[in-house]
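Have a look at the structure below before the remarks.
Heavy-atom basis, side chains included; hydrogens, waters and symmetry copies ignored.
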Amino acid sequence: MSGAARPVRVSTPTDRDIVLTRDFDAPRRLVFDALTRPDLLRRWFGAQGWQLVVCEVDLRVGGTWRFVSQGPDGARMGHGGVYQLIRPVERLSYTEQYDDQSYPGVTVISHRLVENHGRTTLTTTIRYATPEGRDRVLRYPMARGVSESYARLDRVLVAPQPVRKQPGEGSAP
């Protein structure tokens, strides 16, 4: 990666969707791990000044996840959901709802990871329950926060923790 942070491309293909796209200089296995392993998530998830203080991941279809972030002046933000689709290294989909959510309904987040020559494009589709919910989130500094979080992820991808084998996994290729 060059000295400047890569931009997050933001699009709104429907009245309920926000699509975020970002390239990473890492294989998709490592990017997928960074999205699903608490030891890695704690190192990058959140905008500048925010840190995960709770990171619970039950990575199975029907399993739940729960994050609580702490920011400046001790402010806390909690959210969680349920995993709906898990295709390791390719796709991940789950619901999301914030403790103090300012928009109605449950959001569905879907990640698609595509690798090309050791570089991964992460495309995240965020589907809101209503157009009004999507529009409200678009007024937040979401793109800035995601960009800051992904810049932190870039640093983790350069120096990840060793990948631990899960029970039942064979040898890595």
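Ring centers of His111 and Tyr94: under 6.0 Å apart, within the cut-off.
Residues Trp50 and Pro72 meet the side-chain proximity criterion, which asks for heavy atoms closer than 4.5 Å. Between Asp25 and Arg6, some side-chain heavy-atom pair lies under the 4.5 Å cut-off. No side-chain heavy atom of Thr120 sits less than 4.5 Å from a side-chain heavy atom of Arg29. Residues Ile126 and Thr107 form a side-chain contact, since some pair of their non-hydrogen atoms from C-beta on lies under 4.5 Å apart. Taking 4.5 Å as the limit, some side-chain heavy atom of Val8 sits within range of a side-chain heavy atom of Tyr150.
A side-chain donor from one of Asp23 and Thr121 sits under 3.5 Å from a side-chain acceptor of the other.
The CG atom of Leu122 sits 4.0 Å away from the OG1 atom of Thr124 when rounded to the nearest 0.5 Å. Interatomic distance, Met77 CE to Asp99 CG, rounded to the nearest 0.5 Å: 10.0 Å. The OG1 atom of Thr64 sits 8.5 Å away from the OH atom of Tyr83 when rounded to the nearest 0.5 Å. With rounding to the nearest 0.5 Å, the separation of CG in Leu92 from OG1 in Thr36 is 7.0 Å. Taken to the nearest 0.5 Å, the CD atom of Glu90 stands 9.5 Å off from the CG atom of Leu85. The OG atom of Ser147 sits 12.0 Å away from atom CG of Leu153, with the distance rounded to the nearest 0.5 Å.
In this structure, Thr95 contributes its side chain and Val82 its backbone to a donor-acceptor pair below 3.5 Å. Remark: side-chain polar atoms of Thr14 are paired, donor with acceptor, to backbone N or O of Arg16 under 3.5 angstrom. Listed for the Trp44 side chain is a donor-acceptor partner under 3.5 Å among the backbone atoms of Ala34. At distances below 3.5 Å, at least one donor-acceptor pair connects side-chain atoms of Glu115 with backbone N or O atoms of Arg28.
Atom CZ of Arg87 sits in a sparse spot, with 12 or fewer heavy atoms from other residues, nucleotides or ligands closer than 6.0 Å. Within 6.0 Å of CZ on Arg112 lie no more than 12 heavy atoms contributed by other residues, nucleotides or ligands. For Gln101, the CD atom counts as densely surrounded, since its 6.0 Å shell holds more than 12 non-hydrogen atoms of other residues, nucleotides or ligands.
The hydrophobic cluster containing Leu35 also contains Ile109, counting ILVMFWY residues as joined when their side-chain heavy atoms lie under 4.5 angstrom apart, directly or transitively. In the hydrophobic cluster analysis, where Ile, Leu, Val, Met, Phe, Trp and Tyr join through side-chain heavy atoms closer than 4.5 angstrom, Tyr98 is grouped together with Leu138. If you chain together hydrophobic residues whose side chains sit under 4.5 Å apart, Val53 and Val57 never meet in one group. The same ILVMFWY cluster, assembled from side-chain heavy atoms under 4.5 Å apart, contains both Val10 and Tyr128. One hydrophobic cluster, built from ILVMFWY side chains closer than 4.5 Å, cannot hold both Leu113 and Val19; they sit in different ones.
For Ser110, the side-chain contact (heavy atoms from CB on, under 4.5 Å) partners two or more places apart in sequence, or in a different chain, are Ser93, Val108. Scanning for side-chain contact (heavy atoms from CB on, under 4.5 Å) contacts around Leu52 gives Leu41, Arg42, Phe45, Cys55, Phe67, Ser69, with sequence neighbours left out.
Arg43 approaches Arg152 most closely through the heavy-atom pair O-NH2, 3.7 Å. Nearest heavy atoms, Ile86 versus Val61: CD1-N, 3.6 Å. Shortest non-hydrogen contact noted between Trp65 and His79 is CH2-ND1, 3.3 Å. In this structure, Pro104 and Ala129 approach most closely via the heavy-atom pair O-CB, 3.7 Å.
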Report task. Run the numbers on Leu30 and Phe24 for side chain to side chain contact (heavy atoms under 4.5 Å, CB included), then give the verdict. Result -> CA-CA 10 Å; Leu30 186 52; Phe24 294 93; over 6 Å; no

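Salt-bridge check for Arg76 with Asp100: failed, with every basic side-chain N at 4.0 Å or more from each acidic carboxylate O.
Among residue pairs with one or both ends in residues 126-148, those qualifying as salt bridge (charged side-chain N to carboxylate O under 4.0 Å, His left out) are Asp17-Arg127, Arg144-Glu148; sequence neighbours excluded.
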